[in-house]
Amino acid sequence: MLLSVSLSLLPFLVIRGRASPLPGRQNGTIRWVDCHDNVPQPVQSTLNVTGTSFAGTLPDTLFCGQIDVPMDYTQPFDSVTNNVTVGFAMNRPRNPAGLLLFHAGGPGLDAASEAWFTALNISSESAPFNALQDFDLLAMNTRGLQFSNPLNCSFNTFFNNITFAFPSSETEFDQYQAAMSKLFASCDEFSTPKGIMNHTGTVEVIQDWDSIRAALGYDKVHFAGVSYGTFPSMEYIGRFPERVGNFVLDAVIPHGQPFQEMITDQVGAINRLLLRADAFCLTDPTCPFHGQGNGSVVAAWDTLLARALEAPIPAASCGEGTGCNTPVTPTDLRLGVSVIFRANPDFPLFNIALNESLHGDASLFAYQQQGDIRESIAPPLMCSDFQVTGDLRTWEGFNNLSVNSQVNDAHKIVYSQIWQFVLMCGVWPFDVPAPSIISTKLPLMFITSDFDLNLPTELTTFAWEQTPNSVLVVRHGDDHTSIEFPPPTPVQDLAVNFIRTGVLPSASSNDEVTVYAPGSTRGPIPGAYDVPTGSVAEDTSSVEDIQ
C-alpha cells in the first residue's frame with residue numbers, strides 16, 4: 001500500500017522541507033507558475049538537473065500550477081491561519097477531450113512527474129497516458145509532498161535505534177510504538193503551517209481535487225489511479241458522485257474491509273508468490289534449483305527457515321557500517337521475502353538468495369533499515385486514513401492478527417505490510433474517520449493481477465463487489481498494478497477505451513486477461529503453476545533478462 005509505494009504498495013519517498021502560508025492568497029484560484037522552476041524530484045535525473053530548476057526547452061503542453069485551499073475544510077479559508085498551497089502539473093492539449101486526473105500510489109509517491117513524462121513523450125515513463133494525450137492530464141502532488149506543503153519530519157534519528165524489522169515480543173512492541181510516537185511528534189512540531197499533519201488525509205485530498213476541478217471549469221473528472229491512489233478515488237466517488245466520469249482503479253485498497261481480512265489475504269498472497277518462484281524456476285535454466293522438480297524452491301525455503309529458527313544465519317556482506325544486519329534472524333528472513341516479492345517480484349533474485357543462504361551467506365535477505373517503510377513520509381500520510389483502535393493498540397491484539405492469519409500461511413512467512421501499517425498507526429495522535437464500506441451504482445473499472453503482493457487480488461475483488469454496475473479486469477500474472485507497464489498491453493487497451501468512451505468491456509477470458517461483467521461472481525484465483533511465468537506475466541528481474 002498499501003499499499004505505489006509502487007500498498008504502494010509501491011517504493012516510498014522521504015520528503016523534507018518547509019512551506020509557509022502567504023498573506024493575500026485567494027481560496028480556490030489557480031496561479032500558473034513557470035515549470036522551469038518546479039521540476040519534480042523523479043524528473044530531475046531525467047533532465048540531468050539538481051534541484052527544482054531547469055533552463056532548457058520544455059513542451060508548450062506542459063503547465064504547472066498552484067492553488068490555495070483551506071488547511072482545514074471544516075473551517076473558513078483564511079490566507080494566513082487556514083491556508084495550504086497545493087502544487088500540480090498538467091499536460092494540456094489545445095482542445096482537450098476532458099479532464100483526466102492521475103493519482104500515484106504510496107502514499108507518498110510523486111504524481112506531478114506523470115504529467116511531465118507525458119508532455120516530454122518519454123514512452124517508458126508515460127506508459128499509462130500515451131494513448132490519452134488529447135485529455136487535460138492533471139497530476140497533483142497530495143498535501144504533505146513536494147510543492148504541496150511538504151511535511152518536515154526527523155527521520156534517521158529515532159528509528160536507527162530500532163534494530164529489528166518488526167516486534168516479536170511485548171517489549172519490542174513497546175519500543176517500536178515509542179519510536180513511532182516520537183516520529184509523529186517531530187512531524188507535528190517541525191511542519192508548517194502548524195497543524196498540517198492532522199490535515200493530510202483522504203478527506204482533505206479529495207476536496208483539493210475538487211477545488212482544482214472547479215477552478216479549471218470542468219463539471220466532471222475522469223480518473224486513472226493505482227495502488228494507494230485508489231483509496232481517495234473511492235472516497236471521491238462516495239462524496240461527489242455527480243462529478244464522477246470514467247474511473248479506472250488499478251490494484252485497490254478498499255474501504256471498510258477489516259484489517260484481519262486484509263492481513264490474512266496478504267499472507268496468502270506471499271505464500272502464492274513462493275509457489276510462483278518455484279514455477280518460475282521450473283522454466284529458468286539459471287535457477288539454482290532448476291531440474292530438481294516441482295516444489296524444490298518451496299522445500300528450500302522451508303529448510304532455510306527451520307535452520308534460522310535454530311540459529312541465525314551469517315550475512316557475509318553485512319555488519320557495522322554496511323547498512324544491513326548480520327546475522328540474519330527468522331524475522332529478517334521473513335521480511336526479506338516480502339521485500340524481494342514486493343511490487344515487481346524478482347523471482348531469479350529470490351532463488352539466488354535462497355541458494356546462497358542455504359550455503360551459509362544470507363546477505364540478500366538481511367534487514368536494511370534504509371529500505372524500511374517507517375523511514376519515509378508514508379506513516380503520517382497513511383495513518384491519517386486508517387483508524388486503529390481498541391485492542392489493536394496493544395501487543396496482544398496486534399499479535400493476534402498474525403496468529404489468526406496462520407490459516408493462510410502454510411510456509412510460516414508471517415510478515416505482511418498491512419500488518420505493519422496497523423503497528424505504525426496504533427499511536428497516531430489524531431482522530432481518524434471510522435472505516436465504512438463505500439458502495440455505488442456508478443459504472444467503474446477495477447483492475448487486479450492474480451499474484452499482486454502489495455494489494456492482493458482479494459482486496460480489489462472486495463471493492464468491486466460493492467459496485468454492482470462495474471467490471472473487474474483480472475490480469476493473469478505477477479506484479480503490483482497493471483496500467484503502468486510499457487504499452488501496448490491488453491489491460492491498458494481496456495482501460496484507455498473505457499476512459500475515452502465510458503463503455504465497459506463485455507465479459508471475456510483468455511490466457512492473459514479475464515473480464516468479469518457487472519453483477520457476476522468472480523471465479524477462483526488460478527493456481528500458481530497454471531499461469532505462465534516470464535514476460536507474458538510481466539515478470540522482471542535485476543539479475544537476468546527475462547523473456
Q.
Can a donor-acceptor pair be found, under 3.5 Å and without considering hydrogens, that links the side chain of Ser148 to the backbone of Gly144?
A. no

Can a side-chain donor-acceptor contact be found between Thr200 and Ser384 if the only test is distance below 3.5 angstrom? yes

When you measure from the side chain of Thr61 to the backbone N and O of Arg92, does any donor-acceptor pair fall under 3.5 Å?
no

Is a side-chain N or O of Ser191 found less than 3.5 angstrom from the main chain of Asp188, in a donor-acceptor match?
-> no

Exercise for the section: May I ask you to check whether Thr202 and Asp385 show a side-chain donor-acceptor distance below 3.5 Å? Expected result: yes

Just by distance, with hydrogens left out, do Arg475 and Ser482 show a side-chain donor and acceptor under 3.5 Å apart? yes

Exercise for the section: Please answer whether the main-chain N or O of Thr81 pairs with a side-chain N or O of Asp78 as donor and acceptor at a distance below 3.5 Å. Expected result: yes

Residues Gly426 and Arg393: closest non-hydrogen pair is O-NH1, 2.7 Å

* Note: Arg243-Asp210 ion pair, threshold 4.0 Å (strictly below) -> yes

(message) For Asn344 and Thr540, which I'm curious about, is there any donor-acceptor pair between the side chains at under 3.5 Å?
(response) no

message: I'd like to know if the side chain of Asp136 reaches the main chain of Leu99, judged simply by a donor and an acceptor atom lying under 3.5 Å from each other, with no hydrogens or angles considered.
response: no

Working for side-chain contact (heavy atoms from CB on, under 4.5 Å), residues Arg143 and Val69: CA-CA 10 Å; Arg143 47 175 70 192; Val69 292; 3.6 Å; yes

Taking Gln66's backbone N and O only, do any of them form a donor-acceptor pair with Arg31's side chain (distance below 3.5 Å, no angle check)?
no

- prompt: Does Glu242 reach the side chain of Asp219, with side-chain heavy atoms less than 4.5 Å apart?
  reply: no

What one should report as the nearest heavy-atom pair of Ser227 and Ile253 is O-CG2, 4.1 Å

Q | Any donor-acceptor N/O pair, Gln420 side chain to Ser416 backbone, under 3.5 Å | A | no

Ile447 and Thr460 have their tightest heavy-atom pair at O-CG2, 3.7 Å

| said: Around atom NZ of Lys441, are there more than 12 heavy atoms from other residues, nucleotides or ligands closer than 6.0 Å? | reply: no

Exercise. May I ask you to test the Arg342-Val339 pair for a side-chain heavy-atom distance under 4.5 Å?
Key: yes

### Query
Do Arg500 side-chain atoms and Ala97 backbone N/O form a donor-acceptor pair below 3.5 Å?
no

Test ring-ring contact (aromatic ring centres under 6.0 Å, His included), reference Phe102, set Phe129, Phe223, Phe88, output is Phe129

Intermediate values then yes/no, side-chain contact (heavy atoms from CB on, under 4.5 Å), Thr50 and Gln44:
CA-CA 6 Å; Thr50 57; Gln44 290 170 12; over 6 Å; no

- Using only heavy-atom distances, determine whether the side chains of Asp68 and Thr85 contain a donor-acceptor pair under 3.5 Å. yes

What I'd like to find out is whether the side chain of Thr142 reaches to under 4.5 Å of the side chain of His103, using heavy atoms alone.
yes

Starting from the C-alpha separation in whole Å, work towards a yes-or-no answer on side-chain hydrogen bond (donor to acceptor under 3.5 Å, both in side chains) for Thr264 and Gln260. CA-CA 6 Å; Thr264 302; Gln260 184 65 71; 3.1 Å; yes

Look at the rings of Trp428 and Phe184 and say which category their plane angle falls in: under 30° parallel, 30 to 60° tilted, over 60° perpendicular.
perpendicular

Taking every heavy atom of Thr192 against every heavy atom of Asn149, the minimum-distance pair comes out as O-ND2, 3.4 Å

For this session: Please confirm whether Phe173 and Phe398 have ring centers closer than 6.0 angstrom.
Result: yes

*Can you find a pair of side-chain heavy atoms, one from Ser470 and one from Phe446, that are under 4.5 Å apart?*
yes

Do the side-chain N and O atoms of Tyr73 and Asn82 include a donor-acceptor pair separated by under 3.5 angstrom? no

Tightest non-hydrogen contact, residues Asn246 and His222, listed as N-ND1, 2.9 Å

Could you tell me if the side chain of Asp452 sits less than 4.5 Å from the side chain of Asp479, heavy atoms only?
no

TODO: Show your reasoning for whether side-chain contact (heavy atoms from CB on, under 4.5 Å) applies to Ser211 and Ile67.
DONE: CA-CA 8 Å; Ser211 294; Ile67 188 170; 4.1 Å; yes

- Item | Between Asp346 and Ser542, a side-chain donor and acceptor under 3.5 Å | yes

Please tell me whether His255 and Ser436 have a donor and an acceptor in their side chains that are separated by less than 3.5 angstrom.
no

Q.
Please verify the inter-ring angle class for Tyr415 with Trp419; under 30° counts as parallel, over 60° as perpendicular, anything in between as tilted.
A. perpendicular

Open item on the list: Please verify the inter-ring angle class for Trp209 with Tyr236; under 30° counts as parallel, over 60° as perpendicular, anything in between as tilted.
Closed with: tilted

Min side-chain heavy-atom separation Leu335-Phe166 under 4.5 Å: yes

message = What I'd like to find out is whether the side chain of Leu216 reaches to under 4.5 Å of the side chain of Ile30, using heavy atoms alone.
response = yes

Intermediate values then yes/no, side-chain contact (heavy atoms from CB on, under 4.5 Å), Ile196 and Val84: CA-CA 8 Å; Ile196 181 64; Val84 295; 3.5 Å; yes

Can you find a pair of side-chain heavy atoms, one from Leu455 and one from Tyr228, that are under 4.5 Å apart? no

request  = Classify the side-chain pair Asp110/Ser113 by whether it contains a donor and acceptor separated by less than 3.5 Å.
outcome  = yes

